[in-house]
Amino acid sequence: MQNGMAYYHLPGLFEFYELYRVFLPLFREHREYFYSWCDIGSIYGAPADCIWGGGRVGFGDNNPREVLALMQEYGISARLTFSNSLLREEHLSDKTCNRLCALFNETGGNGVIVHSDLLLEYLKKNYPNLYFVSSTTKVLTDFRQFLGEVNREDFCYVVPDFRLNKAFDKLDTMTNAQKGKTEFLCNECCWFGCTDRRECYENVSRKNLGENCEDHHCVAPGGNEGYQFSKAMTNPGFVGVEDIRNRYLPMGFSNFKIEGRGLGSALVLEFLLYYMTKPEYQIHVREAIYLDSMPDLF
């Protein structure tokens, strides 16, 4: 990866496969539409019914080989989001998740986002070509804890809790190697003062395991309003385009995660426009996507 480049880790490997089938050719063929200082580092996600899944309940039923082939065609790392925090030994034999890992292990250059150390050790032993990302579902809000996670050799990247995004006095003390492993969650809409974030993620983990449990009830201010990008932009932890160009890149950070697996294609497109597309070309990208003949994209 080049110095001075921002690498985005985009949501919806399976969930928004149809969107990326249209967007990736556009990104390659009309590179002039997009900022020269950014590129795609990976696309992450999980199909429906993966018990190892976490963070969000995955959806999407596209053929995994087709999904992986699209990523390989454009030289993009594919990441499986297997960040379930409640896995037990008996869950490790799940056939669906093992088949996916075996497939992604074949080609090299692909990764898995993990929470569970039990799963991490299993994957390291059985799928040695995969790399690993420490999930933001660990809710690492303490800088010393975060730094300890960064220093673990198991992980190529670590995603801290979004509330560490602007801790610049501490972030600036990191070594270049530590900065290179840090991946900031840019567009989180969750209340900055939330104390239930871990419980929220655990609720998703239980649902992915098939447990019969009620939905997590968010008591945060505005928690019933759903995701709004305009609201996320006012979050104290929001990382915008100018922040990336003028603060993070000069400091030596280069990896930025965009959330959105549980959202719709239209909103994910807005993220691609905001973070990657030059303002004067946003209408061209939007029209190319909207006018594509593929039905039911949105």
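Heavy atoms only: backbone and side chains are in, while hydrogens, waters and symmetry mates are out.
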Undergrad: Hey, which of Y8, F34, F256 is the one that makes ring pair (Phe, Tyr, Trp, His ring centres under 6.0 Å) with Y275?
TA: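 It is Y8, the one option of Y8, F34, F256 that forms the ring pair (Phe, Tyr, Trp, His ring centres under 6.0 Å) with Y275.
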Undergrad: Check whether the ring centres of F229 and Y274 lie less than 6.0 Å apart, and answer yes or no.
TA: yes
Undergrad: Between E280 and K278, does any side-chain N to carboxylate O distance fall below 4.0 Å?
TA: no
Undergrad: With ring-ring contact (aromatic ring centres under 6.0 Å, His included) as the criterion, how do Y248 and F168 come out once you've worked through the C-alpha distance, each side chain's angles and the decisive distance to 0.1 Å?
TA: CA-CA 9 Å; Y248 291 92; F168 293 120; 5.4 Å; yes
Undergrad: Applying salt bridge (charged side-chain N to carboxylate O under 4.0 Å, His left out), run through R99 and D94 and close with a yes or a no.
TA: CA-CA 9 Å; R99 280 197 295 266; D94 181 78; over 6 Å; no
Undergrad: Between K181 and Y157, is NZ or CZ placed under 6.0 angstrom from the six-membered ring centre and within 45° of the ring axis?
TA: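 No, a cation-pi geometry is absent between K181 and Y157.
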Undergrad: Checking H115 against S135: is there a side-chain donor and acceptor pair closer than 3.5 Å?
TA: no
Undergrad: Within 45° of the six-membered ring axis of F23 and under 6.0 Å from that ring's centre, is NZ or CZ of R28 located there?
TA: no
Undergrad: For the residue pair M276 and I40, establish whether any side-chain heavy-atom pair is separated by less than 4.5 Å.
TA: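 Counting from C-beta outward, M276 and I40 do come under 4.5 Å.
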Undergrad: Is the closest basic N to carboxylate O distance between K179 and D172 below 4.0 Å?
TA: yes
Undergrad: State whether Y44 and K257 meet the cation-pi test: NZ (Lys) or CZ (Arg) under 6.0 Å from the six-membered ring centroid, and within 45° of the perpendicular axis.
TA: yes
Undergrad: Which residues pass the side chain to side chain donor-acceptor pair (under 3.5 Å) test with Y281, sequence neighbours left out?
TA: none
Undergrad: Could you check whether N98 and Y122, counting side-chain N and O atoms only, form a donor-acceptor pair closer than 3.5 Å?
TA: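 Side chains of Y122 and N98: pair found under 3.5 Å.
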